[in-house]
There are 2 protein chains.
Amino acid sequence: MNSIPEEATGRPLRKDAERNRRRILDAAGTLFAEQGLGVSLDEIAHHADVGVGTVYRRFPDKQTLIDALFEDQLDTIAGVAEEALAIDDAWEGLEHFFRVALEKQAHNRGLKELLLGAGISESGGCGPRGRDRIEPLVVRLVERAHDAGALRPDASPYDVPLVQLMVSAVADYTRDVDPEVWRRLLTVVLDGLRAEGHAHSPMPVPPLDRDGVLRAMSGWRPPRG
Amino acid sequence: MNSIPEEATGRPLRKDAERNRRRILDAAGTLFAEQGLGVSLDEIAHHADVGVGTVYRRFPDKQTLIDALFEDQLDTIAGVAEEALAIDDAWEGLEHFFRVALEKQAHNRGLKELLLGAGISESGGCGPRGRDRIEPLVVRLVERAHDAGALRPDASPYDVPLVQLMVSAVADYTRDVDPEVWRRLLTVVLDGLRAEGHAHSPMPVPPLDRDGVLRAMSGWRPPRG
DNA sequence: TCCAATTGGAGGACAGCTCTCCGTTTGATT
DNA sequence: AATCAAACGGAGAGCTGTCCTCCAATTGGA
């Protein structure tokens with residue numbers, strides 16, 4: 001984020017103000033990652049050991065705070081896509097993109113929500129901005145894999161976000177029980193996405209057990225429609 | 001549901017009362033299916049052209065209404081698993097279970113939420129009841145497929161609910177844009193789940209296009225944590 | 001005709017959110 | 001040390017949205 005600690009005015013923030021700004025950003029980062037963009041600013045303020053008023057002086061509204069935090073996280077995802085394109089083998093590249101992008105989303109619920117929906121408000125916010133950078137990279141990643149005959153021919157670039165959605169739904173669901181099982185499902189999906197005639201990849205982690213499934217289920221709350 | 005139109009008392013409901021009971025059940029069924037268990041009773045009452053009070057006289061609370069509606073829907077899913085076991089070919093059986101169970105969930109958001117979470121309240125409600133019937137059937141379905149060498153050997157019965165979760169997340173996400181794309185993703189997952197050396201199944205429907213993805217994204221609301 | 005059953009929907013009680021306001025405290029500057 | 005703009009905390013206003021209660025008005029059926 002913006003490492004220059006000043007407002008629109010040229011004057012630098014007072015020492016305590018700057019310290020609190022950091023605290024707020026840290027608390028918000030943690031809470032958004034753990035619980036998603038739904039956390040209230042009251043909660044963030046409390047977790048940052050700061051009054052709500054302080055939060056609102058520094059960030060005029062919630063969206064601004066979200067923007068400040070996630071702007072470069074979206075760039076990070078674009079960066080992953082670029083890394084992936086830099087890998088010579090087309091299939092490995094695609095795999096890399098899925099795996100690493102999903103790792104980030106599995107560790108950060110807020111980022112996942114930002115990537116999947118249009119930001120938090122209907123305004124659209126940062127969704128489009130980040131995605132306009134990411135989309136062409138994904139399209140190239142997929143086309144390249146097609147050209148190399150590595151991807152099943154009937155797969156579309158526009159299946160990619162749906163795969164991300166699918167797997168990160170699992171990551172969300174099982175977060176508190178076993179935060180790594182989503183890797184199994186990604187493995188399955190990738191094997192299903194790959195062109196015919198390749199051996200399956202080994203499952204990277206053991207499955208959930210009966211009790212794990214039950215606990216994941218009972219920890220689940222239906223989303224608001 | 002209970003087709004005998006009487007309360008705990010032996011007296012049958014007055015004609016208008018019975019008519020309204022049906023209206024409420026119908027409206028609730030529709031709205032739960034479309035929007036999930038989150039819909040308010042006020043909304044249901046309005047959609048049924050009935051006062052809220054009427055709803056509450058007939059169904060003491062929301063959970064009762066949900067139970068009345070979904071009890072047998074859960075049996076239906078168990079029925080699908082039984083159908084699946086009755087199919088000779090183990091792989092076809094498993095495929096049938098996934099496809100048909102997911103069709104039901106894709107058409108009915110409320111059912112999906114009931115299967116995935118522990119009912120609407122922390123009480124557990126109908127979740128466990130239905131699932132105790134379903135689980136052993138799924139285990140047998142999977143074991144049978146393993147014995148037949150049709151399923152990849154490292155797949156576990158407890159991956160099954162996660163697959164359902166994944167695919168129904170797609171169904172939810174794209175419901176308003178193209179309610180059938182989830183079939184593509186199911187195809188991919190099933191191909192990834194099948195033992196090695198089988199040809200891929202053809203994609204049953206065309207992919208989303210760029211605009212479709214965008215519209216799905218903008219229609220998405222982050223769940224409450 | 002009559003009355004118990006039924007009805008609609010205003011509104012109480014609660015919960016949770018965003019954001020404002022203002023008396024008090026604090027850091028920097030002189 | 002004295003001063004004062006800047007920053008602070010947090011009560012609470014104002015909103016939305018839920019579940020559910022209550023009761024005057026209405027209505028089906030004996």
Side-chain angles (χ1 to χ4, degrees), chain A residues 5-25 27-28 31-32 35-67 113 119-123 125 221-225, chain B residues 5-25 27-28 31-32 35-67 113 119-123 125 221-225:
Chain A
E6 38 196 287
E7 300 282 86
T9 157
R11 182 101 53 83
L13 254 45
R14 227 167 67 175
K15 196 170 56 180
D16 55 342
E18 176 56 25
R19 174 180 52 88
N20 283 341
R21 204 186 92 101
R22 269 255 62 85
R23 280 196 187 174
I24 293 167
L25 250 10
L31 291 178
F32 282 152
Q35 313 187 34
L37 303 178
V39 277
S40 72
L41 291 202
D42 282 34
E43 222 167 326
I44 291 169
H46 179 259
H47 191 274
D49 261 317
V50 138
V52 217
T54 304
V55 176
Y56 278 95
R57 174 154 340 83
R58 219 44 73 201
F59 304 94
D61 61 22
K62 198 177 175 174
Q63 190 62 53
T64 309
L65 176 55
I66 293 179
D67 287 0
E113 289 173 9
I120 193 174
S121 66
E122 46 287 332
S123 76
R221 295 274 153 272
R224 309 270 296 96
Chain B
E6 38 195 287
E7 300 282 86
T9 156
R11 182 101 54 81
L13 255 45
R14 225 167 70 178
K15 196 169 56 179
D16 54 343
E18 176 56 25
R19 173 181 52 89
N20 283 341
R21 203 186 91 100
R22 270 254 62 84
R23 279 197 188 173
I24 293 167
L25 249 11
L31 292 178
F32 282 151
Q35 314 187 34
L37 304 179
V39 278
S40 71
L41 292 202
D42 284 35
E43 222 166 326
I44 291 170
H46 179 259
H47 192 273
D49 260 316
V50 138
V52 217
T54 305
V55 176
Y56 279 95
R57 176 161 331 86
R58 220 43 75 203
F59 304 94
D61 61 23
K62 199 176 175 177
Q63 190 63 52
T64 309
L65 176 55
I66 292 179
D67 287 0
E113 289 173 9
I120 193 176
S121 65
E122 49 287 331
S123 77
R221 295 274 153 272
R224 308 270 295 96

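In what follows, chains carry the letters A, B, and so on, assigned in the order in which the sequence lines appear, proteins first and then strands, with residues in each chain numbered from 1.
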Is Asn20(A) close enough to dC8(D) that one of its side-chain N or O atoms is under 4.0 Å from OP1 or OP2 there?
yes

Please check this pair: side chain of Glu18(B) against backbone of Leu13(B), looking for a donor-acceptor N/O pair closer than 3.5 Å.
no

So, is Thr54(A) near the phosphate of dG9(D), with a side-chain N or O under 4.0 Å from OP1 or OP2?
yes

If you measure from CD1 on Ile66(A) to CD on Glu113(A), what distance do you get to the nearest 0.5 Å?
9.0 Å

Specify the separation, in whole Å, of atom CG of Leu37(B) and atom C1' of dC19(D).
16 Å

Classify every nucleotide of nucleotides 19-30 of chain C by which part a protein heavy atom approaches to under 4.0 Å, writing B for the base, S for the sugar-phosphate alone and - for neither, in 5'-to-3' order.
BB-----BSS--

With sequence neighbours left out, what residues match Asp61(B) under side-chain hydrogen bond (donor to acceptor under 3.5 Å, both in side chains)?
Thr64(B)

Spacing of Ile44(B) atom CD1 relative to dC19(D) atom C1', expressed in whole Å
12 Å

I need the CZ-C1' distance between Arg23(A) and dA7(D), as an integer number of Å.
14 Å

To the nearest 0.5 Å, tell me how far Arg23(A) CZ sits from Ile44(A) CD1.
15.5 Å

To the nearest 0.5 Å, what is the distance between CD1 on Ile24(B) and NE2 on His47(B)?
13.0 Å

Heavy-atom donor-acceptor pair, Lys62(A) side chain to Ser40(A) backbone, under 3.5 Å
no

